[in-house]
Student: 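Sharing a structure with you now.
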Number of protein chains: 2
Amino acid sequence: MVTLKQLAKELNVSISTVSKALNNSEEIGEETIKRVKELAALYNYKPNKVALSLKQNKTKTIGVIIPDILNYFLAKVLFGIEREATEHGYNIMTCISNESLEKEISSLQLLANGSVDGFILAVSKETQVKNEISHFVKTINQGLPIVMFDRVANDVMCDKVIVDDFDATYRATKNLVNENRKNIAFISNIDDLSVGKLREKGYLKALSEGNNLKPVVLKINNPEDSPQNIKAFFQANKTIDGVISADSSSGVIAINTALNLGYRVPEDISVIGYSSKSVSNHSIPRLSTIRQHAKEIGANAAQMLIKRLENKAGEADDFSTRIIKTSLIKSDSTL
Amino acid sequence: MVTLKQLAKELNVSISTVSKALNNSEEIGEETIKRVKELAALYNYKPNKVALSLKQNKTKTIGVIIPDILNYFLAKVLFGIEREATEHGYNIMTCISNESLEKEISSLQLLANGSVDGFILAVSKETQVKNEISHFVKTINQGLPIVMFDRVANDVMCDKVIVDDFDATYRATKNLVNENRKNIAFISNIDDLSVGKLREKGYLKALSEGNNLKPVVLKINNPEDSPQNIKAFFQANKTIDGVISADSSSGVIAINTALNLGYRVPEDISVIGYSSKSVSNHSIPRLSTIRQHAKEIGANAAQMLIKRLENKAGEADDFSTRIIKTSLIKSDSTL
DNA sequence: GTGAAAGCGCTAACAG
DNA sequence: CTGTTAGCGCTTTCAC
């Protein structure tokens, strides 16, 4: 990499002249500016990012901590973050916490040494189960703002972007109730997560408002066992005529299992899930889904963080929570 | 963040003493080392990463450019890269090229300003179609090594990690031939990619060795149309009794479509695809798959890059290509 | 055993 | 209009 020093030497001017010329300073003569810029272009000069970061005490880099990159929803949020960040001239450093509290802490510490200006993260499963928040608080006290999305720690004072999980599941369940379904089941492999619990609550609320509707709930511990668990569940509860799936795969698996057992979908069983568009293609009929607008969630999180980073004034504790509304997309697995 | 300067001041010693003490220098007295370390621990001192990078002229950061983060295979490779990098004390900066040449170039340039020590990437679709490689060569000439994985540019001299696409598809097809299938189809929505072409070649080779077997190929341009396209394809080719799918979703969609049309799987139609374990759960019977060991691919790529970065000597052009062998996992969609 | 000083690449206040 | 200087945080050589 060419440095200012080298350009200065070759041009027989001082380093600061070169620097100013490249930054279009008023102080420098037109002719000099031209000469400097030409040489810089020739050598493909680019200011050293590290030196700039050191000088200006900010890195224009965002640390992103994702619990699971193989989760389609989380990956899509990352996509949204990356795009928004790039648009604003920020890079992202990605760490994967693997749903582990320890990795989450170490990732936070690893990047809190000047590598990044702030964090965007979704809380790991273990962290939620243990209800641990001190590492977040510590990071914020060090002066590094955090924006949490989807799975948030309520007790941490920071900006947040969440989904209307409760309402969305409530409305989806209502939808099945209105189809006159009498035995609506709830299937989830994310019972440990805050969002999983919210979704279950939405389901329960809708049932409680129905006419003598009883909850039937299947909680799957290991997603790999979903097909077997769901099959056994259907066999043990033969009158199920509706399914709300809280995670990204149980919905299509429920449809395929129902078909396999000889039910007609949606005539005999109606299904709504939280899958993405592409996964909803994995069953015939296509799964009716609750779309979370993951990219928007990511974009909003990035916007909030960048705004905070660039507003020196806004250091106040005026933290806000944005709720990104889901959409219920009815395909062919509902009436 | 606490700095050496602040510690030095508080301890009434010089900055260099503090620095040496923290690095366990022989030069410093035991007593001093102890005092320094205690205060450092108290203030949770961490050396500023940016300053270190500037001083040592390396960032311990790897730039990763992924064409599509929503592709399960690519996301899994990223996972492998992240894990391996973290283990070796490296961070990763992730850019998503979105299959666009322009974004790929800008990502490369953006990070080639001292932000990263080297790159790991899979070539974007547009780049492969246009067969453009100058931006890679330029980056390498700037002194930033590149490791390519999966979709590689053959003409670029660099380390590579690839999958045995040709062989794997050849063997999978042979498998169906040995089941005595007479009309084996090939379905792909990745015809643009180098790996897509290799897979097709493997399929064609296996057929050519069979007894009067004729290729039947469906190329899908827009993955969103897969269900309709595959259905129409089956209806137009009623004697299909075997399917090789080159991408990550056509396999399960083919099974679901076949069932929907009244075929039995695997009795009437046998299917093998390139899906991941979780997607293979999206059909009953489960899809028999060719597993690519994405995490290993990522880990290998990271190892190769880090080795090159840390071997000052190995600047030679002794570039190597590692081939990660796939495994054929027979589930229930084959005999 | 400890400290002063230089330097990584850059910007900016201040001199000239 | 251009140059000198200091300093961001750190390591390291060289004096003391």
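The basis for the numbers below is simple: all heavy atoms, side chains too, and nothing from hydrogens, waters or symmetry mates. Throughout, a chain's letter reflects where its sequence line sits, starting with A, and its residues are numbered from 1.
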Student: Would you say Gln56(A) has more than 12 foreign heavy atoms packed within less than 6.0 Å of its CD?
Tutor: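 Yes, the 6.0 Å shell around CD holds more than 12 heavy atoms from other groups.
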Student: Could you report the tightest heavy-atom contact between Ile28(B) and Ala21(B), atom names first, then the distance?
Tutor: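 That closest heavy-atom pairing would be CG1-N, 4.0 Å.
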Student: Do Ser115(B) and Thr61(B) have side-chain heavy atoms sitting under 4.5 Å apart?
Tutor: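 Not touching, per the 4.5 Å side-chain cut-off.
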Student: Taking for each residue the nucleotide of DNA chain D with the nearest heavy atom, is it Glu27(B) or Lys55(B) whose nucleotide lies nearer the 5' end?
Tutor: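 Whichever sits nearer the 5' end wins; that is Lys55(B).
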Student: Could you give the CG-to-C1' distance, from Leu7(B) to dT2(C), as a whole number of Å?
Tutor: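 For the pair Leu7(B) CG and dT2(C) C1', the rounded distance is 17 Å.
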Student: Would you say that more than 12 heavy atoms from the other residues, nucleotides or ligands in this model lie under 6.0 Å from the NZ of Lys138(B), or not?
Tutor: no
Student: Name the closest nucleotide to the Ser16(B) side chain, picking from dC14(C), dT11(C), dG3(C).
Tutor: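 The answer is dG3(C), which lies nearest to the side chain.
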Student: Measure from the side chain of Thr17(A), starting at C-beta and using heavy atoms only, and say which of dT2(D), dC10(C), dT13(D) lies closest.
Tutor: dT2(D)
Student: Suppose we call a contact any N or O donor and acceptor under 3.5 Å apart; does that hold for the side chain of Lys58(B) and the base of dT11(D)?
Tutor: no
Student: From dT11(C), dT11(D), dG9(C), pick the nucleotide closest to the side chain of Leu52(A)?
Tutor: dT11(C)
Student: For Asn23(A) and dT11(C), is the shortest distance between a side-chain N/O and OP1 or OP2 below 4.0 Å?
Tutor: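 For Asn23(A), the contact criterion (side-chain N or O under 4.0 Å from OP1 or OP2 of dT11(C)) is met.
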Student: At under 4.0 Å, does any side-chain N or O of Thr32(A) touch on OP1 or OP2 of dT2(D)?
Tutor: yes
Student: Would you kindly compare Asn12(B) and Ala51(B) by the position of their nearest DNA chain C nucleotide and give the one closer to the 5′ end?
Tutor: Asn12(B)
Student: Distance check needed: dC8(D) P versus Gln6(B) CD, whole Å only.
Tutor: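 Atom CD in Gln6(B) sits about 10 Å away from atom P in dC8(D).
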Student: Using whole Å, report how far CD of Gln56(B) lies from P of dG9(C).
Tutor: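 After rounding, the reported distance stands at 13 Å.
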Student: To the nearest Å, how far apart are Ile15(A) CD1 and dT5(D) P?
Tutor: 12 Å
Student: Of the candidate nucleotides dG3(C), dC10(D), dC10(C), which contains the atom at the shortest distance from the side chain of Pro47(B)?
Tutor: dC10(D)
Student: Starting at CD of Glu26(B) and ending at P of dG1(C), how long is that distance when rounded to a whole Å?
Tutor: 10 Å
Student: Of the non-hydrogen atoms in Val116(B) and Ile62(B), which two are nearest, and what is the gap between them?
Tutor: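 Shortest heavy-atom separation between Val116(B) and Ile62(B) comes out as CG1-C, 4.0 Å.
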Student: What nucleotide, of dT11(C), dG9(D), dC14(D), holds the atom closest to the side chain of Lys20(B)?
Tutor: dC14(D)
Student: Starting at the 5' end of DNA chain C and moving along, which residue's nearest nucleotide shows up first, Glu30(B) or Tyr45(A)?
Tutor: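 Of the two residues, Glu30(B) wins.
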Student: Indicate whether OP1 or OP2 belonging to dG9(D) is found under 4.0 Å from a side-chain N or O atom of Thr3(B).
Tutor: no
